Amino acid sequence: LTEPNPLILIIEDEVQMRRFLRASLSSNGYQVTEAETAEEGLTQAAARNPELILLDLGLPDRDGLVVTQRLREWAKTPIIVISARGREEDKIQALDAGADDYLTKPFGVGELLARIRVALRNVARGELGTSQFSLGELQVDLIRRIVLLKGSEVHLTPIEYKLLATLIQHAGRVITHRQLLKEVWGPGSSEQTQYLRVYMRQLRHKLEQNPSRPRYLTTEPGVGYRLRTEE
Ligand code: CA
């Protein structure tokens with residue numbers, strides 16, 4: 001018996017965009033359901049229980065940000081925002097509202113499918129509970145709190161370790177400066193972006209072969225950081 005193909009809910013008012021998404025997703029083995037408005041999207045999310053949601057921000061009845069906030073009151077379903085709004089603050093708002101990732105229109109099918117795979121894999125990992133993370137030459141044992149690079153132990157300060165562990169929890173996804181500061185330093189420190197820059201630089205010096213061209217800990221300019229899940 002095989003698992004049914006993952007169901008993806010598309011919340012998007014543009015007919016052409018929906019057609020493009022439906023064709024790309026179905027030909028890659030996903031089941032698809034569609035909604036044209038925010039209200040219909042919320043209804044379908046509750047009724048069909050999709051594995052993932054692709055969400056446009058500019059919807060006729062309500063902003064996609066509101067949809068994200070409403071969904072996050074009861075669902076952990078990964079949300080990938082697809083929007084023509086490419087400004088940094090739009091991305092930050094969507095991610096802070098609880099979206100998992102953000103694609104600016106126009107985007108390619110390859111990029112879309114890669115982001116979907118990462119988001120679905122993160123759900124699977126979350127359900128299993130991750131105790132090991134590995135990426136290229138980097139291995140992290142989250143139970144024993146051991147970080148290995150090319151098989152040799154790397155000594156991290158407690159804050160550096162917490163920063164890395166937080167990025168691992170969100171691996172593959174963008175995490176905003178504000179989210180990282182809140183999770184590592186606690187609420188009330190969300191404006192202290194200089195801490196973050198200092199510690200991220202230290203972490204890169206310890207983990208990256210070339211810290212100015214990081215392979216693992218990448219920068220999302222003006223938005224935050226992303227720990228990659230594959231090289
Ligand atoms: Ca739209």
Side-chain angles (χ1 to χ4, degrees), residues 4-123 170 172-179 218-226 228-229:
N5 296 340
L7 174 69
I8 297 181
L9 167 60
I10 300 167
I11 309 177
E12 163 71 79
D13 59 326
E14 278 169 63
V15 180
Q16 282 196 323
M17 191 64 191
R18 279 210 309 276
R19 196 176 299 150
F20 160 74
L21 292 171
R22 190 198 311 133
S24 315
L25 297 175
S26 337
S27 65
N28 282 279
Y30 294 102
Q31 299 184 74
V32 176
T33 181
E34 299 169 31
E36 282 179 53
T37 62
E39 211 47 52
E40 196 191 331
L42 286 165
T43 307
Q44 286 226 32
R48 305 280 313 265
N49 197 20
E51 261 90 5
L52 184 137
I53 297 169
L54 292 179
L55 175 67
D56 180 29
L57 292 182
L59 294 166
D61 53 337
R62 216 172 287 197
D63 196 282
L65 282 176
V66 178
V67 177
T68 307
Q69 288 157 351
R70 292 269 303 273
L71 280 166
R72 281 291 171 263
E73 289 169 8
W74 55 273
K76 286 187 187 165
T77 320
I79 300 170
I80 300 178
V81 166
I82 44 169
S83 177
R85 299 180 202 164
R87 293 179 313 163
E88 287 161 4
E89 59 257 51
D90 293 321
K91 295 183 186 177
I92 293 168
Q93 278 188 336
L95 295 164
D96 279 343
D100 294 85
D101 210 340
Y102 196 108
L103 277 169
T104 305
K105 294 173 184 171
F107 50 80
V109 180
E111 178 87 54
L112 172 69
L113 295 171
R115 301 285 182 90
I116 289 175
R117 281 196 301 273
V118 167
L120 293 175
R121 209 160 42 216
N122 277 320
V123 173
H170 298 265
R173 288 171 291 174
V174 188
I175 176 163
T176 64
H177 298 128
R178 183 200 298 262
Q179 289 172 318
T218 59
T219 299
E220 293 286 318
V223 177
Y225 298 97
R226 186 198 299 265
R228 298 179 57 184
T229 51

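Start at 1 with the first residue, then count along the sequence. Remember, predicted model here, so these are calculated numbers, not experimental data. Order of appearance sets the numbers: ligands from 1, and atoms from 1 within every ligand.
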> What residue pairs, at least two apart or across chains, pass side chain to side chain donor-acceptor pair (under 3.5 Å) with a residue in residues 74-86?
Replying inline: Asp63-Arg85
> Excluding sequence neighbours, so at least two apart, what forms side-chain contact (heavy atoms from CB on, under 4.5 Å) with Pro60?
Replying inline: Asp13, Thr37
>> Main chain of Glu34, side chain of Gln44: is a donor-acceptor contact present, judged purely on distance under 3.5 Å?
In response: yes
> Looking at residues at least two apart in the chain, or sitting in another chain, which of them share a ring-ring contact (aromatic ring centres under 6.0 Å, His included) with Tyr225?
Replying inline: His177
> Near the Ca ion (ligand 1), meaning under 3.0 Å, how many protein N/O/S atoms are there?
Replying inline: 3
>> I need the minimum non-hydrogen distance between Leu65 and Ala94, along with the two atoms involved.
In response: CD2-CA, 3.4 Å
> Between Gly222 and Ile92, which heavy-atom pair has the shortest distance, and what is it?
Replying inline: O-CD1, 3.3 Å
